4 protein chains.
Amino acid sequence: MEKNRLEAFSDGVLAIIITIMVLELKIPESGDGHFSALLPLVPKFLSYILSFIYVGIYWNNHHHMLQCCKVVNGKVLWANLHLLFWLSLFPFTTAWVGENHTSAAPLALYGFVLFMAAIAWVILLNCLIHANDRSGLLAKAVENKTLKEQASPFIYIAGIASAFFIPWLSIAFYALSAIIWLVPDKRIEKALKEAKPE
Amino acid sequence: MEKNRLEAFSDGVLAIIITIMVLELKIPESGDGHFSALLPLVPKFLSYILSFIYVGIYWNNHHHMLQCCKVVNGKVLWANLHLLFWLSLFPFTTAWVGENHTSAAPLALYGFVLFMAAIAWVILLNCLIHANDRSGLLAKAVENKTLKEQASPFIYIAGIASAFFIPWLSIAFYALSAIIWLVPDKRIEKALKEAKPE
Amino acid sequence: MEKNRLEAFSDGVLAIIITIMVLELKIPESGDGHFSALLPLVPKFLSYILSFIYVGIYWNNHHHMLQCCKVVNGKVLWANLHLLFWLSLFPFTTAWVGENHTSAAPLALYGFVLFMAAIAWVILLNCLIHANDRSGLLAKAVENKTLKEQASPFIYIAGIASAFFIPWLSIAFYALSAIIWLVPDKRIEKALKEAKPE
Amino acid sequence: MEKNRLEAFSDGVLAIIITIMVLELKIPESGDGHFSALLPLVPKFLSYILSFIYVGIYWNNHHHMLQCCKVVNGKVLWANLHLLFWLSLFPFTTAWVGENHTSAAPLALYGFVLFMAAIAWVILLNCLIHANDRSGLLAKAVENKTLKEQASPFIYIAGIASAFFIPWLSIAFYALSAIIWLVPDKRIEKALKEAKPE
């Protein structure tokens, strides 16, 4: 099966997720239009930026990962939908954190959805490797686990745990994970270059 | 006519349908941010999951079905729009069930839209077979009706009927149909493999 | 310049327009969940169906028209955006008609937007013919104006005019125009077949 | 890496941005449906038109710019997401200006987002030139800065500054910049023609 519709559908869903998060930035209701009216929006805006970066990271890595693949099958389609399901909850958790950025529940839920999306990512990666074993390009590219891959589930768990004690530390953990993932996976670009030496 | 724009447009509409359903998960209005504030969202969340799976099934099978086709014509375009019309009502029925998950009307309407989408699917399938008769790949792949194809209209009707007596049974029927459709149509993957033996 | 991004962007905008119109179908606020709660939604639902068909017609004809073209240029991009602008007002006029289906202003505005979209369509068609004059496929396909092309501006004007006197006649005119446009432009499919005789 | 998914994702995000801005045009709440009910929407409608044109300009120029490129890399993906981030704030600033078109803060913020998007554009352009230096097509096309490129940052700054003193002048500056950018970059079409002389 061809992978282009999988890419197109994922691009569509990710584009909508990244854009509807901004709908939570509702314009100030007070009609006077001073800058001070923006102050209550600051936490929402910051949570929007963080989630925007996360969706950007997923789109970026999704792009890289599928560059290494030639084939998809039914299992890959469902593993991909499973990932999109968790990502589709980002607007909700982002909005809730934006509204209650010092409460345990929204911060822990935000981390839980991040954690589940990370697991869904690993499942998708394995399904893709399994479906494309012959070429082996993707399998070879990711065979050496990087530190950040190994660390990020623990960072999310640390973020969830600290949500119940020190809310700001929780946010710091989520921001940390975003920062270490900002750089796309060099292994894949390297593997692609080696595979197509021209 | 080429089929790629039909795919792109359908991908776009399905991506939006699957994503705007999550907009119904409105963040709790009470400002305290406890986990208990999520409790009233549980039925909405469950109806979101069910509808997400249904849209996923339709996207998945749409992908499979169009893989077998080479040509589309005006009739196919309208049969496809007809299918998208019924799917576009999913966010409404999902939200209404999420709000009133024990009432007859929302559950019956949810099943009715599922039933009409299933009929629209059969119409689209027949239009595609008619437009592609020369290749015959799709026609051959689906000539033997599977049990689930024959059963699912009756499951929807059972779900609609039981909505008026035992709401939970109605939900169980809709969930049952989703579960039996989760596996993509093996016949098409098999037919594709046989057609391209390389 | 390649036409595929023009198609992709138009598909995206049309997919969103067709889908956000359904957001106007807000679930009944009264919590009892009877079918009677759907009654006030009937006019909104009917205006949704009418606008869904119109957007479907535009997408369908857009698809046909661009099948005949090889090249786009800066003018075509803006003529296309101009068409998308008027189509982007459909959700607004649809919602207003759905809310006030017996008032003159919403019905006249609905017809005005239809009329402007029809004009934008003719402008886009001419820009495309101008940009693709060498191939001439599109130019030849549309050189004989059909009756419906000549009639539809007058139908919209009749619809706008009757909005101020007999609201229901106005709706009938808009429905009439949708019905006569439901069939895609046979001339283009014919011209395509002649051009690619294989 | 291939550029087609970058284009598809950007098309998706821009299509959604351009379409959700129209959601701010909420239908009049008063149920009588007279044309006078549209009067309060006039500033919102005008700010929608202005922002629609800006998004159209960005999409148009994005289309032109990527026509000259063959390769994208990780930096380009992030520079593109950075541009989309600022463009994703258009619906917010458009809605705020539509609500308070004579206040300093919304007008200044509108100009600030325009200014940041313009900077993000320059960053993306440079990343693309850097990633495609071998072909040099894009680099050659833009080596001579046009007047409008040099002027527009100053126009935005003038618009921001005048927002605090003469609101209408601020709007005039933003409209001026839109008008001078309406014509797509001829240099790129020219460079493309020279590169493919056939």
Side-chain angles (χ1 to χ4, degrees), chain C residues 1-21 23-24 44 47 71-110 112-113 163-164 167, chain D residues 3-39 41 44-45 48-49 51-64 66-68 182-186 188-190 192-193 196:
Chain C
M1 275 199 288
E2 292 155 30
K3 68 177 182 179
N4 57 328
R5 273 194 81 182
L6 181 78
E7 292 179 334
F9 184 71
S10 307
D11 284 348
V13 173
L14 291 174
I16 299 158
I17 289 170
I18 219 168
T19 322
I20 63 176
M21 287 192 305
L23 291 178
E24 276 310 310
K44 293 187 185 190
S47 70
V71 196
V72 297
N73 59 21
K75 266 189 194 165
V76 169
L77 299 191
W78 279 108
N80 192 58
L81 277 166
H82 177 237
L83 173 63
L84 294 178
F85 174 76
W86 290 106
L87 296 178
S88 80
L89 299 179
F90 274 33
F92 178 81
T93 56
T94 304
W96 207 27
V97 165
E99 195 74 49
N100 303 280
H101 60 283
T102 55
S103 307
L107 285 169
L109 190 71
Y110 189 89
F112 176 71
V113 169
F164 296 94
Chain D
K3 68 177 181 179
N4 56 329
R5 273 195 80 183
L6 181 78
E7 292 178 334
F9 183 71
S10 307
D11 284 348
V13 172
L14 291 174
I16 300 159
I17 289 170
I18 218 168
T19 321
I20 63 175
M21 287 192 305
V22 88
L23 290 178
E24 276 310 310
L25 291 176
K26 298 208 178 81
I27 58 167
E29 279 172 31
S30 64
D32 44 5
H34 290 305
F35 280 113
S36 57
L38 295 178
L39 268 184
L41 290 177
K44 292 187 186 189
F45 186 63
Y48 172 60
I49 292 177
S51 295
F52 188 99
I53 291 171
Y54 267 115
V55 178
I57 289 166
Y58 272 101
W59 177 74
N60 219 321
N61 288 340
H62 198 271
H63 183 130
H64 276 77
L66 279 166
Q67 287 268 341
C68 295
L182 263 179
V183 182
D185 205 326
K186 290 281 175 196
I188 286 177
E189 286 197 37
K190 211 180 131 204
L192 277 169
K193 256 184 210 157
K196 301 181 203 154

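In what follows, chains carry the letters A, B, and so on, assigned in the order in which the sequence lines appear, proteins first and then strands, with residues in each chain numbered from 1. Computed from a predicted model, the values in this text were never measured in an experiment.
- Going from atom CD1 of D:I18 over to atom CD1 of C:I16 covers 9.5 Å, rounded to the nearest 0.5 Å.
- Using bins of under 30°, 30° to 60° and over 60° for the plane-to-plane angle, the ring pair C:F85/D:Y48 lands in the parallel bin.
- Counting only heavy atoms from C-beta outward, the side chains of C:L89 and D:L25 approach each other to under 4.5 Å.
- Within the 4.5 Å cutoff, side-chain heavy atoms of C:L109 are placed close to those of D:L38.
- Between chain D and the residues C:V97, C:L6, C:T93, the most heavy-atom pairs under 4.5 angstrom are made by C:L6.
- Pairing each heavy atom of C:G12 with each of D:A15, the nearest pair is C-CB, 3.9 Å.
- Rounding to the nearest 0.5 Å places CG of C:L84 at 8.5 Å from CH2 of D:W59.
- Summarising the geometry of D:G56 relative to C:W78, their closest heavy-atom pair is C-CH2, 3.7 Å, with the distance given to 0.1 Å.
- Proximity to chain C (any heavy atom under 4.5 Å) is shown, for D:I57, by both the backbone and the side chain.
- For the side-chain contact (heavy atoms from CB on, under 4.5 Å) with C:V13, the qualifying choice from D:L14, D:D11, D:T19 is D:T19, the only one to do so.
- Looking only at heavy-atom pairs under 4.5 Å with chain D, the residue among C:A108, C:P106, C:A8 that has the most is C:P106.
- Between the CD1 atom of D:I20 and the CG atom of C:L23 there is a distance of 11.0 Å, given to the nearest 0.5 Å.
- Contact tally against chain C (heavy-atom pairs below 4.5 Å) for D:N4, D:V55, D:V22: the top residue is D:V22.
- If you measure heavy-atom distances from D:F52 to chain C, the contacts under 4.5 Å come from the side chain alone.
- When all heavy atoms of D:E7 and C:R5 are compared, the pair lying nearest together is CD-CD, 3.5 Å.
- For a residue to count as touching a neighbouring chain, one of its non-hydrogen atoms must lie under 4.5 Å from one of that chain's; by this rule C:I17 touches chain D with backbone and side chain alike.
- Heavy-atom distances place the side chain of D:L41, and not its backbone, under 4.5 Å from chain C.
- To the nearest 0.5 Å, atoms NZ (D:K44) and CZ (C:F92) are separated by 10.0 Å.
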